[in-house]
Amino acid sequence: MPKLQTVRGTHDIMGDKARTFRFIQQTFQQVAMRFGHQEISTPIFEFTEVFKRTLGETSDVVSKEMYSFEDRGGESLTLRPEYTAGIARAFISNGLQQSLPCKFFGYGPMFRYERPQKGRMRQFHQIDLEILGVPEPQADIEVLAIAVTLLTELDLMDDITLELNSLGDRESRDAYRDALVVYFTAHKDKLSKDSLARLEKNPMRILDSKDEGDRVLVADAPRISDYYNDATKVFFDEVRAGLDALGISYTINERLVRGLDYYSHTAFEFITKKLGAQGTVLAGGRYDALIEMMGGPATAGIGWAGGMERLAELISPDLVPEEIRPIAIIPIGADCQIEALKLAQSLRASGFTVDMSYRGNMGKRMKRANKAKAVAAILIGEDELKRGLVTVKNFDEGSQTEVALDQITDHLSHYR
RNA sequence: GCGGGUGUAGCUCAGUUGGUUAGAGCGCCAGAUUGUGAUUCUGGAAGUCGCCGGUUCAAUCCCGGUCACUCGCCCCA
């Protein structure tokens with residue numbers, strides 16, 4: 001038997017954390033559905049190719065972070081490191097081009113083999129939202145509006161800012177990328193060694209560097225907005241006009257880059273300063289090339305993913321609904337056990353939350369009920385049963401009354 | 001993958017300048033109270049001092065390694 005602890009970078013989710021997660025999920029679900037999105041749940045693992053082809057061989061996620069393994073049939077499978085590739089695959093597998101546009105939402109665990117830190121684990125949970133088949137900027141606006149609505153309902157917008165950029169269409173992006181390579185190659189000797197590697201793999205990442213020397217270079221680097229073609233400009237202007245119309249504030253960050261290969265046009269991150277190095281709480285962008293890259297029909301797409309652990313860190317505990325307080329049923333003496341059982345069952349059928357302890361004398365059971373934060377206890381003893389009633393004790397007030405068994409549901413109705 | 005910090009009871013932490021049975025608060029269990037919780041009082045259980053090795057007459061303490069957590073880098077939600 002190995003050590004009895006969770007695998008590095010994984011956690012048990014229980015208690016307050018489970019409640020917070022549920023709250024995030026439910027709020028997200030409601031918001032997404034209000035915008036007309038439908039739930040989709042894709043498998044937790046896919047053929048390795050699904051991620052390899054879409055994320056780009058050079059991305060860190062593919063090159064060093066995937067949990068890949070061979071199953072007994074010799075297939076290479078991978079625990080999903082993100083949601084979008086799976087959704088794109090589902091879109092193709094199910095022939096959903098017949099029913100465009102597709103507006104999806106989903107949530108669940110993701111897996112990346114990384115060095116754990118606060119807000120970064122090997123199994124973590126994301127909420128995810130996508131719109132497929134809408135090349136118009138309206139989709140960008142809607143997707144951002146959903147994110148803002150969610151974060152507002154989670155009461156988080158005071159701590160979070162939206163940073164926005166356009167990576168341009170392919171033509172603009174390629175032109176800019178080339179200009180960057182020329183510029184940074186000319187200053188190769190001054191680049192940090194991390195950035196030297198980025199120059200080969202993903203030059204735009206240099207813009208994001210935290211190295212001071214790099215930052216000096218970046219300050220004079222070509223600006224992406226100078227390389228936008230007309231189509232890109234028009235598209236980005238429409239997105240911004242939509243956000244302005246909705247009163248959504250944002251800051252343009254021309255150095256905001258996305259890590260994964262398939263992005264174009266709109267890219268965005270919702271960022272907080274409260275989480276240290278892992279400040280990105282929700283992020284996404286447009287990926288019009290993705291589905292075609294996977295071998296499907298050319299289909300536009302845009303979406304985002306939010307980190308539940310990171311959101312949970314930020315949410316005020318006061319906002320998270322308390323667990324429903326149960327009504328405790330306490331039989332007094334073995335003879336009343338069956339009656340208590342029947343009463344519990346019928347109250348549950350009527351929608352009450354009912355807790356019944358398994359052993360102990362009355363004092364023990366009262367203690368247990370109190371610890372379970374029961375609103376009230378129903379005491380069933382032989383005396384009461386003979387008279388066809390039970391004793392109901394209110395834990396908050398300490399008061400108690402006798403209630404006829406056939407009126408118990410009415411009497412308790414405000415606890416439902 | 002790289003660098004720094006931390007690791008003592010379920011939790012939060014004290015402590016031992018290397019020396020007999022390692023402590024507190026909270027929590028847990030039991031009793032005071034076998035038809036009444038939350039309050040109070042009394043008692044109890046719970047630790048290979050993260051793990052492995054080294055130095056030493058002796059290591060929870062010093063040294064090395066390792067694992068986990070944590071902060072930063074890389075990267076990302």
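Numbers restart at 1 for each chain; the letters A, B, ... are given by sequence-line order, proteins then strands. The structure displayed is predicted, hence computed values, not measured ones.
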Set of side-chain hydrogen bond (donor to acceptor under 3.5 Å, both in side chains) partners for A:Thr78, sequence neighbours left out: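 side-chain hydrogen bond (donor to acceptor under 3.5 Å, both in side chains) list for A:Thr78, sorted by chain: A:Thr48, A:Ser68.
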
Could you work out, with side chain to side chain contact (heavy atoms under 4.5 Å, CB included) as the rule, every residue matching A:Arg325, not counting sequence neighbours?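 Residues passing side chain to side chain contact (heavy atoms under 4.5 Å, CB included) with A:Arg325: A:Lys373, A:Val375, A:Asp396.
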
Residue list, side chain to side chain contact (heavy atoms under 4.5 Å, CB included) with A:Pro222, at least two apart or on another chain: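 Testing A:Pro222 for side chain to side chain contact (heavy atoms under 4.5 Å, CB included), a comparison that skips the adjacent residues, returns A:Tyr176, A:Ala179, A:Leu180, A:Tyr183, A:Tyr227.
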
Look for any protein N or O under 3.5 Å of an N or O in nucleotides 4-8 of chain B and output each such pair with its distance, or none.
none

* B:rC74 P sits how many Å from A:Asp208 CG, rounded? ->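 So the CG-P distance, A:Asp208 to B:rC74, works out to 8 Å.
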
Between B:rC73 atom P and A:Lys118 atom NZ, what is the distance in whole Å?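 To the nearest whole Å, that distance equals 14 Å.
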
Report task. Tell me, please, which residues at least two apart from A:Tyr67 pass ring-ring contact (aromatic ring centres under 6.0 Å, His included). Result ->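 Scan of A:Tyr67 (ring-ring contact (aromatic ring centres under 6.0 Å, His included), adjacent residues dropped) gives A:Tyr113.
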
Exercise. A:Phe184: what forms a ring-ring contact (aromatic ring centres under 6.0 Å, His included) with it, not counting sequence neighbours?
Worked result: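 Here no residue qualifies.
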
**Study point:** Pairs touching residues 115-155 of chain A that satisfy ring-ring contact (aromatic ring centres under 6.0 Å, His included), sequence neighbours left out
**Key:**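 Listed once each, the pairs are A:Phe21-A:His125.
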
Listed once per pair and sorted, the salt bridge (Lys or Arg N to Asp or Glu O under 4.0 Å) pairs that draw on residues 21-44 of chain A, sequence neighbours left out |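 Residue pairs with at least one partner in residues 21-44 of chain A: A:Arg22-A:Glu323, A:Arg34-A:Glu153.
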
May I have all residue pairs that pass salt bridge (Lys or Arg N to Asp or Glu O under 4.0 Å) and include part of residues 342-367 of chain A, sequence neighbours excluded?
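Qualifying pairs: A:Glu339-A:Lys342, A:Asp355-A:Arg368.
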
(request) Assign A:Glu397 to base, sugar-phosphate, or nothing according to its heavy-atom contacts below 4.0 angstrom with the strands shown. (result)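 No contact at all - A:Glu397 keeps every heavy atom at 4.0 Å or more from the nucleic acid.
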
Problem set entry | Interface with RNA chain B, restricted to residues 120-132 of chain A and to heavy atoms under 4.0 Å |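 Close to the strand are A:Arg120, A:Met121, A:Phe124, A:Gln126.
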
Tabulated below should be each protein N or O lying under 3.5 Å from an N or O of nucleotides 26-31 of chain B; please produce it.
| from | atom 1 | to | atom 2 | distance (Å) |
| --- | --- | --- | --- | --- |
| B:rC28 | OP1 | A:Lys371 | NZ | 3.1 |
| B:rC29 | OP2 | A:Lys371 | NZ | 3.3 |
| B:rG31 | OP2 | A:Lys364 | NZ | 2.8 |

(Q) Using the salt bridge (Lys or Arg N to Asp or Glu O under 4.0 Å) criterion, which residues pair with A:Glu142? Sequence neighbours excluded. (A)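 Counting only residues at least two positions away or on another chain, A:Glu142 forms a salt bridge (Lys or Arg N to Asp or Glu O under 4.0 Å) with A:Lys103.
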
